[in-house]
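Nothing here was measured: the structure is a model prediction, and the numbers come from that model. Below, chains carry the letters A, B, ... as their sequence lines are ordered, and counting in each starts from 1.
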Amino acid sequence: MSAAAPEGSPAGDLVVDWYASAARDLPWRQPGVDAWAVLVSEVMLQQTPVARVEPLWRQWLERWPTPADLAAAPTGEVIRAWGKLGYPRRALRLQAAAGAIAADHGNVVPSDVETLESLPGIGTYTARAVACFGYGQRQPVVDTNVRRVVARLVHGRAEPLPARAADLADITALAPADHDRAVRFSVAVMELGALVCVARTPRCGSCPVRTVCAWRLAGSPAHDGPPRKVQRFAGTDRQVRGRLLDVLRAATDPVPQVELDAAWADPVQRTRCLDSLLADGLVVQTDDDRFALPG
DNA sequence: TAGTCGTGGAT
DNA sequence: TATCCAAGACT
């Protein structure tokens, strides 16, 4: 038997056919969008809704059309351009990745998954997304949407299990045999999870695989595992860091300590968060003890 | 591996 | 109003 002849599945073909008519018209899916633009979109989309990413993505690529352009920018400008997308360390890592691409890869985004994964801020998901969406490779791409679709369609569960070791194998087994269709399948499953097989209220009535979905066939049983823990935000260091960075983003000049003090009442937490921002490289302290985004 | 890291729209 | 949750990575 040959080494890796993909077997394909009826469900995979149904999802690809559904995608042809139901896919959103997102700018990073346009023909001619290069791997750098895809990489930027994928990093911006980490934990961040599409609607908030779209305008920032356009501005970003207009300003920094290649990795070398971003690498050469003042880091403070990069952080400012990131705006309020959230998780601003992503902006730092994206610039660091751009620097590595410019310096070590001829300013061309690497096309192999292993090299991509070696770049800062690029993990299992993003590396495969770039290889697949940016370079047309047949790659299993597993994000939160895909995990949810597989949990329901294949495993008959309302929500994914915490363990994710088998995710890549699961989705690989589901992909169509044909190469080009398998490439489209990777984005199609994500789209199905984003539009139909959504977390809170799945629209099973308009799902292309409702007749073969293990969860539907089992009567759509409720989630029986441990409740997934919700991340609090109010009062956390994340909120405080956001407040502090907000002050610095809005300022054109370095700000004195007293302006940061106004952003959060608790001095212990405020100091801890400022220190962590300094440690991350999101903030720098000037010689006259004021604070600013990095030059 | 579980906790941490922003933000804001939807329900 | 409070909670959920969104194309994860890193430690």
Side-chain angles (χ1 to χ4, degrees), chain A residues 19 23-24 26-29 37-57 79 82-94 96-97 116-134 139-149 158-165 167-168 171 186-195 197-203 223 226-249 263-264 269 272-273 275-277 279-283:
Chain A
Y19 181 79
R24 289 169 294 180
L26 301 177
W28 42 85
R29 291 178 180 166
V38 170
L39 172 53
V40 171
S41 78
E42 291 302 336
V43 173
M44 287 184 170
L45 285 163
Q46 292 168 2
Q47 299 288 283
T48 307
V50 164
R52 218 177 311 161
V53 166
E54 269 209 51
L56 265 291
W57 179 83
I79 295 167
W82 195 256
K84 306 202 78 173
L85 277 185
Y87 295 141
R89 292 187 299 185
R90 288 183 295 168
L92 294 183
R93 291 175 183 148
L94 182 55
L116 284 163
E117 279 185 320
S118 74
L119 297 170
I122 312 253
T124 305
Y125 162 77
T126 304
R128 284 165 181 78
V130 170
C132 183
F133 310 152
Q139 289 285 348
V141 179
V142 178
D143 73 331
T144 184
N145 292 304
V146 175
R147 283 200 301 280
R148 189 172 53 246
V149 170
E159 294 179 30
L161 293 168
R164 299 167 8 186
D167 285 344
L168 285 177
I171 203 63
S186 287
V187 67
V189 183
M190 287 178 56
E191 192 77 338
L192 186 67
L195 298 182
C197 196
V198 296
R200 201 124 39 135
T201 314
R203 307 184 232 290
H223 176 63
R228 57 166 248 186
K229 48 194 67 170
V230 303
Q231 274 198 78
R232 304 262 174 252
F233 178 66
T236 64
D237 285 4
R238 266 157 56 239
Q239 182 179 25
V240 179
R241 283 166 55 103
R243 288 272 186 90
L244 295 173
L245 207 56
D246 214 19
V247 171
L248 299 181
R249 265 194 305 258
W264 195 258
Q269 189 178 22
R272 179 174 69 238
C273 289
D275 286 345
S276 75
L277 288 169
D280 285 343
L282 285 163
V283 175

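Going from atom CG of A:L116 over to atom C1' of C:dA9 covers 15 Å, rounded to whole Å. Put simply, CZ on A:F233 is 18 Å from P on B:dA10, counting in whole angstrom units. Taking atom CE of residue A:M44 and atom P of nucleotide B:dT7, one finds them 15 Å apart after rounding to whole Å. Atom CG of A:L39 and atom P of C:dA9 are 11 Å apart (whole Å). Distance, A:L56 CG to B:dG6 P: 16 Å, rounded to whole Å.
Nearest heavy-atom pair across A:V247 and A:A263 is CG2-CB, 4.0 Å.
In this view, A:D275 satisfies the salt bridge (Lys or Arg N to Asp or Glu O under 4.0 Å) rule with no residue, not counting sequence neighbours. Shown here are the ring-ring contact (aromatic ring centres under 6.0 Å, His included) partners of A:W264, two or more places apart in sequence or in another chain: there are none. Under the side-chain hydrogen bond (donor to acceptor under 3.5 Å, both in side chains) criterion, A:R272 pairs with A:D237, not counting sequence neighbours. A:L195 meets the side-chain contact (heavy atoms from CB on, under 4.5 Å) test with A:W18, A:R24, A:E191; sequence neighbours excluded.
Heavy atoms of A:L85 sit under 4.0 angstrom from at least one base atom. Among the atoms of the strands shown, none is found under 4.0 Å from any heavy atom of A:R272. Nucleic acid contact for A:D237: sugar-phosphate only, since backbone atoms but no base atoms lie under 4.0 Å from a heavy atom of the residue.
Close to B:dA2, at under 4.0 Å from its OP1 or OP2, lies no side-chain N or O of A:K229.
Rounded to whole Å, the P atom of C:dA9 lies 23 Å from the corresponding atom of B:dG8. Here the separation of B:dA10 from C:dA7, taken at their P atoms, is 15 Å to the nearest Å.
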If the sugar-phosphate is the primed atoms plus P, OP1 and OP2 and the base is the rest, what is the B/S/- string for nucleotides 1-8 of chain C, using protein heavy atoms under 4.0 Å? ---BSBBB

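Checked for salt-bridge contact, A:E117 and A:R128 meet the test: a charged N lies under 4.0 Å from a carboxylate O.
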For a quick test of your reading: what N or O donor-acceptor pairs under 3.5 Å do the side chains of residues 38-45 of chain A make, sequence neighbours left out?
unit_1 : atom_1 : unit_2 : atom_2 : d
A:S41  : OG     : A:V38  : O      : 2.7
A:E42  : OE1    : A:Y125 : OH     : 2.6

